[in-house]
Amino acid sequence: MSMSPTSASLSSSMPAPASNTGDAPTYSFRDKIIVLIGASIAAFITPFAGAMVNLSLPHIGETFHVTAHALGWMSTAYLLASVLFLIPVARLADLYGRKKLFLIGIVIIMITSFLAPFSPSYAILVLLRFLDGMGMACIFSTSLAMLSSVYPPKERGFAFGINVGFVYIGSSLGPVIGGIMTENFGWQSLFFLLIPMAFIGGILIWRGVKSNYDESRGEPFDWMGTILYAVTIIFLIFGLTNIPETWAFGSLLLGICTLPMFVLYEKRQTYPVLKVKLFIQNKLFRRSNMAAFLNYAATYSILFFLSLYLQSVDHLSPQNAGFVLLAQPIIQAILSPVIGKTSDKIDGRYLATFGMLLITAGLLLLTTLEGNTPISHIIAFEVILGLGFAFFAAPNTSTVMGSVGQKDYSSASSILSATRQAGMVLSMAIAMCSISFFVGSSDMISSEMIPNFLMAMHFTFSFCALLCLVGAVLSYLRGPTKREVEA
């Protein structure tokens, strides 16, 4: 992460990690900032790309002549790959180095972003989104772990707050830039914007991080556990995202059956692909992750529905819809670093719980949206949601990473990311199920189908508000936040 003049530290042949040599690398303030910027640029890309793509969904649907339900696979394919690869990639990062896996993810994102605009069919575009999710898994499972290795416990809330702030800046700029680009240059132009950003973030990490951070080098890889994990995730996600189809219930049942098999197998392994003991033995870690799962399960579909609502019900252009959707992430981007720094001084569970209660209120307000709701009301609801996100994200992340030792940073980072992505999958599953039930297989949302679409949206937001309320209770009951757990 630093601009160190020592060429050896910048080469691809990295020195042995601290756990093997006993010499942990040291980082100056300048070094830490460079690493933080590199990791934050990578964190920026994901919501930026997602927000842009969501704004362009109606145009993508027109290009490939696909239904509103099918458009949900643009998000679901990416999320499926993210959840599927997060855990195995985290283990590979422990074995071969977090820095290497991070850079592999950057390369994958650059390649898929270049190819996506030339997709000859919707199926190919969805496949590229799946591969993009694989690249993002490499970043998600390593970036927080590297920040935790670079920043001491008393500074992590600040670092995570900045990192989360970049996530929300990406969410802020995504709708605006996505709307402008889609309206003036077509949805295909969106993907080219990601390539230079990914390149810059990758260069900063490559030049700056002083260790490969491969504390588990030489240990075996748990192939059987990985297969069981993949089978479980595939059954669960395909089941969730295809309800109310009859076969989807069978897939969901198979996933529920293989899940305990996977957990029991991993408990008996010396070197498991997923350290389930972190869940079993660490209440703070377990409940903080569950709070994150419920938070994202309750909120991820908001942008999906509002993007369709503003363009199909309010008949706004993609550009104007993007400006309306700007309110929530701007609040998050401004306040997340401040609240993250605050969580270094006071118990994060109070901040996170308050945040989830605000989000619950925001979701309930969204259930009042009708065809004639003033735009000013929508913006006010977004501000409340933005406040809730700002109070929840950084304090909860700091709590999770501070509850484990250094050797478990990759596992903790990947588990947090996996629970977050799994929550997003559930959120999209609820949304797609609602669309299927209330709207059916209409190609797009016609004026006749607007009442049905509004019912689907109201049902989803009501159900998600209940999930968020349960998450707030879990967040509060997890107990006092620990400042650090020694490795």
Ring centres under 6.0 angstrom apart (W223, F221):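 Centroid distance W223-F221: below 6.0 Å, so yes.
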
Near-ring test Y300/F304, centroid separation under 6.0 angstrom: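 Between Y300 and F304, which both carry aromatic rings, the centre distance is not below 6.0 Å.
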
Charged tip of R420 within 45° of F140 ring normal and under 6.0 Å: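 That pair qualifies as a cation-pi contact.
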
When rounded to the nearest 0.5 angstrom, what is the spacing between [atom1] in [X] and [atom2] in [Y]?
X    : Y    : atom1 : atom2 : answer
L274 : I87  : CG    : CD1   : 5.0 Å
L95  : L101 : CG    : CG    : 9.0 Å
I34  : I203 : CD1   : CD1   : 13.0 Å
I227 : D222 : CD1   : CG    : 9.0 Å
R91  : L86  : CZ    : CG    : 16.0 Å
Y78  : F130 : OH    : CZ    : 12.5 Å

Any side-chain heavy-atom pair of I109 and I139 under 4.5 Å: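 I109 vs I139: side chains touch.
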
Beyond-backbone contact of M146 with I205, side-chain heavy atoms, under 4.5 angstrom: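 Contact flag for M146/I205 side chains = yes.
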
Once you measure the plane-to-plane angle for [X] and [Y], does it fall in the parallel (<30°), tilted (30-60°) or perpendicular (>60°) bin?
X    : Y    : result
F391 : F354 : perpendicular
F279 : F285 : perpendicular
F392 : Y296 : perpendicular
W187 : F191 : perpendicular

Please report the shortest heavy-atom distance between [X] and [Y], naming the atom on each side.
X    : Y    : answer
S403 : L284 : CB-CD2, 3.9 Å
L128 : S119 : CD1-OG, 3.5 Å
L357 : A472 : CD2-CB, 3.9 Å

Polar side-chain atom of [X] near backbone of [Y] as donor-acceptor pair, under 3.5 Å:
X    : Y    : value
T399 : P395 : yes
K267 : V276 : no
R129 : M74  : yes
T353 : Y350 : no
N163 : L36  : no
E266 : V273 : yes
S121 : I124 : yes
Y96  : R217 : no
R287 : L477 : yes

Sole candidate of N295, I339, I331 that passes side-chain contact (heavy atoms from CB on, under 4.5 Å) when paired with F389: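 Only one option passes, and that is N295.
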
Q188: partners by side-chain contact (heavy atoms from CB on, under 4.5 Å), with sequence neighbours left out: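 Q188: side-chain contact (heavy atoms from CB on, under 4.5 Å) contacts with P117.
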
Test side-chain hydrogen bond (donor to acceptor under 3.5 Å, both in side chains) applied to S301 - qualifying residues, sequence neighbours left out: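 side-chain hydrogen bond (donor to acceptor under 3.5 Å, both in side chains) list for S301, sorted by chain: S427.
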
Distance-only polar pair, side chains of T460 and S434, donor-acceptor under 3.5 Å: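 Note: T460 and S434 side chains meet the donor-acceptor criterion.
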
Test ring-ring contact (aromatic ring centres under 6.0 Å, His included) applied to F238 and W73, step by step: CA-CA 11 Å; F238 271 88; W73 277 101; 5.8 Å; yes

